Amino acid sequence: MLAGFGVFAENMGPAAANAGPAWGCRKSRLVSGILRNVIGAGADTSDSVRGDGAAIGIVRSGIMLWTRLMGGDVMRSARPASMLLSLGSVFWTYCAAGVCFADDLPAVVEFNRDIRPILSDTCYQCHGPDSTQRKAELRLDLQKHLYDVRDNQRLVLPRRPEDSLLWQRVTSRDPDERMPPADSDRRLKPRDLALIRKWIAQGAVWQPHWSFVPPRAVRVPRAAAPLRIRNPIDAFVLQRLTASGLGPSPVASRHTLIRRVTLDLTGLPPTPEEVDRFLADPAPNAYEKVVDRLLRSPRYGEKMAVHWLDAARYADTSGYQNDGPRSMWRWRDWVIEAFNANMSFDQFTIEQIAGDMLPGATMSQSLATGFNRNHRGNAEGGIVPEEFAVEYVIDRVETTAGVWLGLTMGCARCHEHKFDPISQREFYQFYSYFNNVPESGRAIKEGNSPPFIKVPTNAQQQRLNVLRGDLLRSQQAYADRQDALQRSLQQWESAAGVDAETDWTVDDGLTVYLPGDHRVEHGPPVEASADADRQTTAGAAPKNQTPADVDPLVTDIHWAGGKVDCVPGKLGDAYEFTGQQHLELGDAAHFGYFDQFSISLWVRPTASRQGTLVSRMEPIDRGAGYNVHLRDGHIQLNLVKRWLDDSLRVETVDRLLPDRWQHVLVTYDGSRVAAGIRIYLNGSAQRLHVNLDAINQTFTSDEPLRLATGNSRFSGRIDELRIYDRTLSADEALLIATPQNIAKILAIRQPRRTAGQRHKLREFFEHTHAGDDVARLRSRIIAQHRALAAYDESVPTAMVMRERKTPRQTHILIRGQYDQPGEPVASGLPDVLPGLPVGAPNNRLGLARWLVMHGNPLTARVIVNRVWQMYFGVGIVETAEDFGSQGTPPSHPQLLDWLAVELMRTGWDLKALHKLIVMSGTYRQSSATNPSLVERDPDNRLLARGPRIRLSAEEIRDQALAVAGLLIEQLGGPSVRPYQPEGLWQEIASDKEYNQSTGRGLYRRSVYTYWKRTVAPPVMMNFDAAGRETCTVRRSTTNTPLQALTLLNDVTFVEAARGLAQRMLAAGGRHPRDRIQKAFALAIGRPARPAELQILLAGYQNYLRAFRAAPDNAQRLIRFGASLPDQRLNPAELAACISVASLILNLDEAVTKE
Amino acid sequence: MEHKSVTIPQDFSLSSGRRMFLRQSGLTLGTAALASLSDPATSSVHAESGKHRLTHHTPRAKRIIYLFQSGAPSQLDLFDPKPGLQTLRNTELPDSIRRGQRLTGMTSKQDRFPIAPSMFRFRPRGRSGMQISDLLPQTARIADDLCLIRSMHTTAINHDPAITFFQTGAQLAGRPSVGAWLSYGLGSQNRDLPAFVAMVSGSGGQPLYDRLWGSGFLPTRYQGVKFRSVGDPVLFLSNPPGVSAAVRRRMLDDLARLNQLKYDRVADPEITTRIAQYELAARMQTSVPELTDVSDEPEHIFRLYGDDARKPGTFAANCLLARRLAERDVRFIQLFHRGWDQHTNLPTGIAKQCRDTDQASAALVQDLKQRGLLDDTIVVWGGEFGRTVYCQGRLTADDYGRDHHPRCFSLWLTGGGIRGGMTYGVTDEFGYNIAEDPVHVHDLHATLLHCLGIDHRKLTFKFQGRRYRLTDVHGTLIRDILA
């Protein structure tokens, strides 16, 4: 029983009148698509009318709307047709490839176009590729099964529907026999049945699924009207049009054409000068010259990149929970540069999928692989990293398969694909190609997650080269002096008479120094007055000069838990701790996880060898902060935000000895990973054991710096605490651990001196006795080293793909769950597709080459389809993301194949493809239409007219900036933060405020707008930009009141209107008419027609009166925005012009590509 | 047959160009909603004389107000008393209860899992004797209206995936939110306001994301509109400075005339849609401020909701707005209140959260009830998961913390079609596992849709070749909690 076809339930009485608008409106052709029901319109009520096996809505007025009953699929379109449906007889509109234009079934029913979509949607769930759901061991997706004998009867007996079991079962009156079963949620529509019947009657010719058969060189049809043919595209389009009894539209006007093609190729409108030049160009190839100029423009790459960034789910943040920043803009610029350089699409593909694996991979080729690191990354505390590591790989599979193959491979994650021949095993074989990245499922909260590389821009690379060269030259000069220095050292040594107290140690970067030689007089501050007379406790000057701006000597010091004794130490006295007391050293050594630091001290532990040596940490069990700690003699550095999942702990393998002075140096380089930590014992680097390596937030603490406690108290002696705000080197570690002073070293015979002693002596000599030029050279090297390091720090990084050294074994994941591994699988491709090219390795690089090998049936078609979609709004295959059996069949299959073959033939030349399309007569048609054509072909699938499509979010904003004269045309660079209503991030995301750009950053092209995934830029989102959380290859286009509010009221557009207004006034002459024409030419690219001009003129006079009457209003309006109004202009006139300019920017034509 | 002109419901779901064309042709049109709901091949849509259309069965409610408590409130301290635990304080959670089930990375490496009994006292409330803790004195007073589910469970163990799961039925981004499904499925009942409004309150705590009220793969028109408490309630609602209402009106009229001229030349129905959207935008400029201006509310209302209701951006103020939105027939009103993530210092933290939410939550229910709106409004109160019975961090005499616990937690709902004074589901004596009547998030979604007249298996949208539903391939209607 086909229940409910055309059923409509609505009382059209008063209640319905209450029904208000849904919020906004999808682009009408889609909206109409939502209205998939035949409307049964009784005078007062609608009801369903059920015929024999079919319920048919009656439309008394004679028009019915319907779409294929796709169960909520709003992407389909309404198909109005002049049909009267009457009870008991079944008529239907004819839809093929999404186009409704005939009253009957196709003359020849084709399996691919007409039958497979029905079987796929209705039957494959139980009789398709998924073996686990398969009923009766029957497959309708395989030729063999379809013509098989079941129950002694042929399932499909060509030319004899009545004798075909399939036909009998789908039309049976017995509910137990009838397919699909009553309890399923699928039904066959009358038209489906008719198609099946006709297909069988015509011989039931099988076709393999079209997209899995490689495109063949198609012969260009000979057109009936050769004069209308500009290139082969038109021949294919015209053939189909003619067959439908339609003809093409006339060519669009030159005004329209140049605006259309300029927007399409660069995302910006033409300037009036460009328009005029084109209008005045009598050359037969005037249009082609425009096209060539646009293809050479750097704006072309920016325009093309937007679509690619959507597909690549590119963003500036990580996308989960706190949604911290990441840096991928260098990859974004790689894309723009690749488009501008017209990199061939096969190279473009190979580099992005596996550029890192190319022999001798360049930085640029590694950078390209950022494509598959653009997926979101979860840094939330407490996640199970394994779970998300799996999600990242799955995202890569889904994105790569969607972008290049047009396959919904993700459907086979948990079970075999329901519709396409992709098994779960094949899914994980494909997954295996992407499962070999040395990554963690727990992403870095702020910044890039490994693996990533430094990717200097060209300018930065040049600067780095200069800095490196400077440093190298100085180092060379220093090296050249070594022999001389050695000689003078020896001369000095033999004659030296240094003071017995003279010593030398590292002082560069010293921020905390506690010699341990002075008693601590003060206990814990009890009350404020006690604080007042707290005095400096350490009297002696530091033993060496300190950085001019920091006095490292600790003065804010008191004991706690008991007095601390001064006892003989390693150098002078030391503090002794008994496990009861500690020292508090105030707000010093305040480090966070991006900071470099080094902590040096002499320590003499008691036998227990336990307790915290130095800390800025809550003095409790499991407190947050950092400490240097002893555990059974093992030296630990703990960096802790939260135990245990947001902390970093490394520990020496070897242990300190009890009751003996030893030197400990711990260094951290600000890299947030355990590998950035060194621990030296008596000057030698220790082997380290990494306990925890997951610090994801800064460990900065408000606790004071403490000696001998942190989370547990220390017993033993501590001397000579030195803390540096940089990472000391191994040489320095050796030096600082050398206790003997200079006189003592000199007293040791040269051969018996340790390396540390030699190094210390040498440093002392060079600093103090080697002469000014050596001192200058040394300080130059330090300065140059710092300059290089600082500059290097500013060089951006980008996340990239990389292969693990030992391959990771992939398993089938049962039900797609990370913790349910099944059988192991090796990398491999689905059987339904051809194998790897000969000689290609079975790895990610092989996969990359396979994607663009000529025998691959999908990639070229998928790409030309998406390029087509850019121009006409809808692809030749409407479901650009799905070329499988659930996708829509191509509207012009031969054209699609011809374009795909052409793309490959030209060596994947994208600019050639773009040129081919925009040079076609099809593209150059006028987009004006009429109600009957709209009715006939609402989606313009037949292309009887040119495209008329609302501009994208980026184009709308960029155009406004351009016509205002505000746009900054600067290629590439870090993302910028244009206007955004205040507080938008704070109110939902985190405590991070949006630091709006100033100056140029407000006026860059939208492709450079900072993209925070969880709070995407509202102006972009209001105009249907993709959210960038997942791969998007097709945006929706809606038409909503929020768009109206944005264009009318957002400062972006009001300031742009002022820019446009100022240009009207500056260059538009005296008369308002001329000024309006100027604005119109700038924004719309054509002169206003008399009727339009009349409205605008009258409007202008009205606004002018209003602003003259309210000068304050004029002042307020002209000052809206960050840029300043032109002071020379009359405020009321300017305000009136802003209103006119705003009006023009809000015109339907302004936001539409005509 | 003679055509009789009828009103087109949901007319803004259509392009007006299309609409005009259809009107001229004498067509009656349905809505996006309707069409989307009624996969005509399967649905048993029937005509109903009332405001509800396009439903699979008679709805019991027309709208939902969802008071989402982001961060996950502790069920053990609010709704699910475990008096037996007092004697087990600071003892290890038995392995027989934990069963090796996964924990978050925050506590999985803890060397102990000591039991932390609640510090708060529970009492039986109302005629039904529903047990609610002293932290929620006002909620306790409406106990007889509430259906308290103690056996909720979810799939996700961390905030982002879990909140996303609650709002979209999936852990990962990309699916439509509940409100988007409803506005797609049922359309709007209101002429000047969106079908789906979201509001946020509470500072700090777990972040929220646009996707929680996003439209996922549905067209963006179905996404929720976030009402803000600072600046324009709806982004870009106000005219720019200096643009008077009169100038704006004239601009809009001129714009409509110019666009009409364009339509006359190119006949693109999109143009007439745009003309209509500008008019709707202009109406919103009046209707939204009118809605958010609560100065016309009488004094006793502020007493009911509490003083916070006067402060824009508070949970109480949002609750009051929720009632005003419900009065205006907004279909799905989604509140988020942040700050329930008490890993440590739970007693202090939860008490503050309760002070911020208890009175206003109860007030909203009472207010709806006294206006007769509770009969066709469902109010839901709950977070994304529960919290562990074992302590995270320090366990002291007056302090403890609790980690995330997806295996069982509590949530209440009330209103149209829901049985009041009912406690549903039972957890084990440790509040760790469900003992009876589990309710998964999918089941809750199925039940909410049911109350709005929708069979959750039939509200679908085809994307990437597959028919997606809010409940994916899961979801069981919980009939026992229906009135």
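Since this is a predicted model, take the numbers as computed values, not measurements. In what follows, chains are A, B, ... by sequence order, proteins preceding strands, each numbered from 1.
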Exercise. Test A:Y1103 against B:D254 for side-chain hydrogen bond (donor to acceptor under 3.5 Å, both in side chains), laying out the working first.
Key: CA-CA 11 Å; A:Y1103 313 142; B:D254 290 348; 2.8 Å; yes
Exercise. Mark yes or no for whether A:E987, through its side chain, and B:V200, through its backbone, hold a donor-acceptor pair below 3.5 Å.
Key: no
Quiz prompt | Separation of A:S1139 OG from B:R250 CZ (nearest 0.5 Å) | solution = 11.5 Å
Quiz item: Are B:Y263 and A:D1148 close enough that some pair of their side-chain heavy atoms sits under 4.5 Å apart?
Solution: no
Exercise. Determine, stepwise, if the pair A:E982 / B:V230 fulfils side chain to side chain contact (heavy atoms under 4.5 Å, CB included).
Key: CA-CA 9 Å; A:E982 219 176 303; B:V230 290; over 6 Å; no
Quiz item: With respect to chain A, which residue among B:L172, B:L103, B:L212, B:I157 yields the maximal number of heavy-atom pairs within a distance under 4.5 Å?
Solution: B:L172
Practice problem: May I ask you to say whether B:K262 pairs ionically with A:E1154, meaning some side-chain N is under 4.0 Å from a carboxylate O? | Solution: yes
Exercise. Identify which part of B:L252 has an atom lying under 4.5 Å from any heavy atom of chain A, answering side chain, backbone, both or neither.
Key: side chain
Practice problem: Heavy-atom distances under 4.5 Å only: say whether B:L261 touches chain A with side chain, backbone, both or neither. | Solution: side chain
Self-check item: 4.5 Å side-chain heavy-atom contact, B:F336 and A:I988
Solution: no
Quiz item: With chain A, which of B:Q206, B:Q110, B:R228, B:R257 has the greatest number of heavy-atom pairs at distances under 4.5 Å?
Solution: B:R228
Quiz item: Which one of A:T1030, A:N1102, A:N930, A:D1112 has the most heavy-atom pairs closer than 4.5 Å to chain B?
Solution: A:N1102
Practice problem: Please report the C-alpha distance between A:N1049 and B:N239 in whole Å, then the side-chain angles of each, then the deciding distance to 0.1 Å, and finally whether the side chain to side chain contact (heavy atoms under 4.5 Å, CB included) criterion is met. | Solution: CA-CA 5 Å; A:N1049 300 334; B:N239 289 345; 3.9 Å; yes
Exercise. Kindly give the heavy-atom pair with the smallest separation between A:A1044 and B:A281, and that separation in Å.
Key: CB-CB, 3.8 Å
Quiz item: With chain B, which of A:V1051, A:I1118, A:L984 has the greatest number of heavy-atom pairs at distances under 4.5 Å?
Solution: A:L984
Quiz item: Which atoms of B:H343 come close to chain A, meaning under 4.5 Å heavy atom to heavy atom: side chain ones, backbone ones, both, or neither?
Solution: neither
Exercise. Compare all side-chain heavy atoms of B:R466 with those of A:Q886 and state whether any distance is below 4.5 angstrom.
Key: no
Self-check item: Candidates A:T1037, A:T1152, A:N1039 - the one meeting side-chain hydrogen bond (donor to acceptor under 3.5 Å, both in side chains) with B:E270
Solution: A:N1039
Exercise. May I have the step-by-step check of side chain to side chain contact (heavy atoms under 4.5 Å, CB included) for B:L235 and A:T1046, ending in yes or no?
Key: CA-CA 8 Å; B:L235 290 179; A:T1046 308; over 6 Å; no
Quiz item: Counting only heavy atoms not in A:R1089, do more than 12 sit closer than 6.0 Å to its CZ atom?
Solution: yes
Self-check item: Residue list, salt bridge (Lys or Arg N to Asp or Glu O under 4.0 Å) with B:R102, at least two apart or on another chain
Solution: A:E387
Quiz item: Roughly how far, to the nearest 0.5 Å, is the CG atom of B:D210 from the CZ atom of A:R1013?
Solution: 13.0 Å
Self-check item: Residue part contacting chain A, namely of B:D111, when any heavy atom lies under 4.5 Å
Solution: both
Quiz item: With respect to chain B, which residue among A:E1092, A:Q1115, A:R442 yields the maximal number of heavy-atom pairs within a distance under 4.5 Å?
Solution: A:E1092
Quiz item: Who wins among A:D420, A:D395, A:N378, A:D1050 for the most heavy-atom pairs under 4.5 Å with chain B?
Solution: A:D1050
Quiz item: How long is the span from the CD1 atom in A:I383 to the OG1 atom in B:T104, to the nearest 0.5 Å?
Solution: 10.5 Å
Quiz item: When heavy-atom pairs shorter than 4.5 Å are enumerated against chain A, which of B:A173, B:G313, B:S108 gives the highest number?
Solution: B:A173
Practice problem: Among the options A:I1144, A:V1054, A:V384, A:T408, pick out the one with the most heavy-atom pairs lying under 4.5 Å from chain B. | Solution: A:T408
Self-check item: Carboxylate-amine/guanidinium proximity below 4.0 Å for A:D121 and B:K462
Solution: yes
Quiz item: With respect to chain B, which residue among A:R642, A:M1021, A:E881, A:K418 yields the maximal number of heavy-atom pairs within a distance under 4.5 Å?
Solution: A:R642
Self-check item: Inter-residue atom distance B:Q171.CD - A:Y320.OH, 0.5 Å rounding
Solution: 8.5 Å
Quiz item: Between OG of A:S927 and CG of B:D268, what distance do you get to the nearest 0.5 Å?
Solution: 8.0 Å
Quiz item: Would you say the side-chain atoms of B:Q277 and A:Q1043 include a donor-acceptor pair closer than 3.5 Å?
Solution: no
Quiz prompt | Among the listed options B:R248, B:H404, B:R457, B:Q285, the residue most often paired with chain A at heavy-atom distances under 4.5 Å | solution = B:R248
Quiz item: Below 4.5 Å, heavy atoms only, C-beta onward: do B:M284 and A:L1042 meet side chain to side chain?
Solution: yes
Quiz item: So, do B:V266 and A:T929 sit near enough that their side-chain heavy atoms are less than 4.5 Å apart?
Solution: no
Quiz prompt | Side chains of B:R274 and A:N1146, donor plus acceptor under 3.5 Å | solution = no
Self-check item: Side chain to side chain, B:P207 and A:Q321, heavy atoms closer than 4.5 Å
Solution: yes
Practice problem: Identify the heavy atoms of A:G382 and B:N158 that sit nearest to each other, and give their distance. | Solution: O-OD1, 3.2 Å
Quiz prompt | Side-chain touch A:E380/B:P161, heavy atoms, less than 4.5 angstrom | solution = yes
Quiz item: In terms of heavy-atom pairs under 4.5 Å, which option from B:P241, B:A267, B:G105 contacts chain A the most?
Solution: B:P241
Quiz prompt | chain B contact via A:N1022 - side chain, backbone, both or neither, heavy atoms under 4.5 Å | solution = side chain
Self-check item: Polar contact flag, side-chain donor to acceptor under 3.5 angstrom, A:D1024-B:T220
Solution: yes
Quiz prompt | Contact summary for B:G465 and A:F419, nearest pair of heavy atoms | solution = O-CE1, 3.4 Å
Self-check item: Distance-minimising heavy-atom pair for B:Q464 and A:D882
Solution: C-OD2, 3.7 Å
Practice problem: Apply the test side chain to side chain contact (heavy atoms under 4.5 Å, CB included) to residues A:L1096 and B:L258: give CA-CA distance (whole Å), side-chain angles for both, the deciding distance (0.1 Å), then the verdict. | Solution: CA-CA 9 Å; A:L1096 288 165; B:L258 288 163; 3.7 Å; yes
Quiz item: In chain order, what residues pass the salt bridge (Lys or Arg N to Asp or Glu O under 4.0 Å) check against A:R1119, with sequence neighbours excluded?
Solution: none
Quiz prompt | Min side-chain heavy-atom separation B:V243-A:F1120 under 4.5 Å | solution = no
Quiz item: What part of A:A1110 lies closer than 4.5 angstrom to a heavy atom of chain B: side chain, backbone, both or neither?
Solution: neither
